[in-house]
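Both counts, for ligands and for their atoms, begin at 1 and track the order of listing. Quick note: residue numbers are just sequence positions, from 1.
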Amino acid sequence: MKTNFFRSHVFCMSFLLSLFVFFQAKAGQASEQPALVLDSGGVKVYAIEDSPGSMDISLFRGPASPEQRSAYFKDGKVPSSINVFLIKKEDRCSLIDTGFGVFGPGHSALMERLADIGLTPDKIDAVLLTHMHMDHIGGLLKDGKRLFPNAGIYVAKAELDYWLSRAAREPGNPNARLAQSVAETYGRDIAPPFTPGTEIQPGVTALDAAGHTPGHTVFHIRAGDKELLIVGDLLHAAALQFPLPEECPSYDMDVPAAIKSRKRILDMAAEKGIPVAGMHIPFAGAGTVNKAGAGYAFTPMR
Ligand SMILES: [Zn+2]
């Protein structure tokens, strides 16, 4: 009991500290206007910046020497963002992740950015989750109520099972508690949890990318003759992790699995020429990937 109490408080402190580290460089900076990152076959995918930010060098571990790692950082930081993506097909609107909402230390701009596209929260039919960390599910709730009244929630079985069992074991864990609140508040609108390989909606398929979290998911979108991989938290510091894909932030829960998933998905993107879009790749978070040396080169779309 004592050990659990201690562990959960260490987790709280380290989690809150890392959020502070994540945001400190860009506090107060406004997010950018939504950007169209795919437009094909009647499907539009928008990148929405919930919040700008930067990643601190102290969060990363891996085979690189401190000197090698620091070459990618300026004053100990690299640009990052908290992005969410919107899939719009005719009248049907699906969000992929929701940002921090009211649970982060910075301003969450998701609702304002949705309004820029002419959308109110009731127009969102589905929310697909790459995973259930606070900066991805926070935007689902406010004051204990759901923010998307008509949305079904789609999450991997391994992910939901993990956070609900952790909430039972560690009721003081803030991330587990939030995941549990989401499950309880959305109730019957939590769709039957999916397994990797499932086509969640026409043209949108869940791919296993476990490692960052137990059920971390990449979504493959096929629209007309175009494809896009929404890669979630496969990368946190694009400038560092594309060239050195074995570098991991402290947020990666299973480091060997996270590295394996990162390389497998980026290999796929490079070999098949499929653009990637990530939740923490600097806004607009999307671009193309090529193999370069032992890692990858990323070319942003804009
Ligand atoms: Zn994240």
Side-chain angles (χ1 to χ4, degrees), residues 11-12 14-26 31 47-56 58-61 77-86 95-110 127-141 153 155-156 158-160 162-163 166 173-176 178-179 182 209-219 229-242 245 247-255 257-259 261-262 265-266 276-286:
F11 177 85
C12 286
S14 60
F15 194 83
L16 292 173
L17 180 67
S18 63
L19 294 183
F20 175 73
V21 167
F22 185 86
F23 275 96
Q24 62 182 0
K26 296 269 183 97
S31 62
I48 295 173
E49 189 176 44
D50 184 50
S51 175
S54 67
M55 297 298 293
D56 194 283
S58 64
L59 292 167
F60 290 88
R61 305 281 180 275
K77 299 186 191 314
V78 290
S80 186
S81 285
I82 295 182
N83 301 318
V84 310
F85 295 89
L86 173 80
L95 275 179
I96 304 187
D97 294 348
T98 62
F100 257 128
V102 295
F103 297 93
H107 173 68
S108 163
L110 174 58
V127 177
L128 282 54
L129 296 173
T130 61
H131 64 297
M132 298 190 87
H133 271 158
M134 202 173 271
D135 55 322
H136 300 256
I137 61 172
L140 286 167
L141 299 178
I153 308 295
V155 60
E159 187 72 10
L160 187 63
Y162 171 79
W163 288 109
R166 187 152 177 182
N173 178 300
N175 201 112
L178 182 60
V182 165
H212 176 61
T213 60
H216 184 243
T217 297
V218 162
F219 293 103
L229 289 162
I230 305 282
V231 299
D233 278 15
L234 215 54
L235 302 119
H236 286 75
L240 172 75
Q241 291 179 291
F242 276 113
E247 293 290 295
C248 290
S250 54
Y251 308 123
D252 283 347
M253 294 170 74
D254 179 338
V255 166
I259 294 170
S261 287
R262 188 175 302 122
I265 299 289
L266 294 181
V276 301
M279 277 50 191
H280 301 307
I281 298 175
F283 189 79

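Listed by chain and residue number, the protein N/O/S atoms under 2.8 Å of the Zn ion (ligand 1) are D135 OD2, H136 NE2, D233 OD2, H280 NE2, with waters left out.
Side-chain atoms of S80 never come within 3.5 Å of backbone atoms of M55 as a donor-acceptor pair (strictly under, hydrogens ignored).
For S31, the side chain to side chain contact (heavy atoms under 4.5 Å, CB included) partners two or more places apart in sequence, or in a different chain, are E49, P52, A109, R113. Under the side chain to side chain contact (heavy atoms under 4.5 Å, CB included) criterion, A179 pairs with M132, I137, W163, not counting sequence neighbours. Scored by the side-chain hydrogen bond (donor to acceptor under 3.5 Å, both in side chains) test, H212 finds H131, H133, D233, D252 as partners (sequence neighbours excluded).
Between the side chains of T217 and E159, not a single donor N or O lies within less than 3.5 Å of an accepting N or O.
Two rings, from H280 and H136, have their centers less than 6.0 Å apart.
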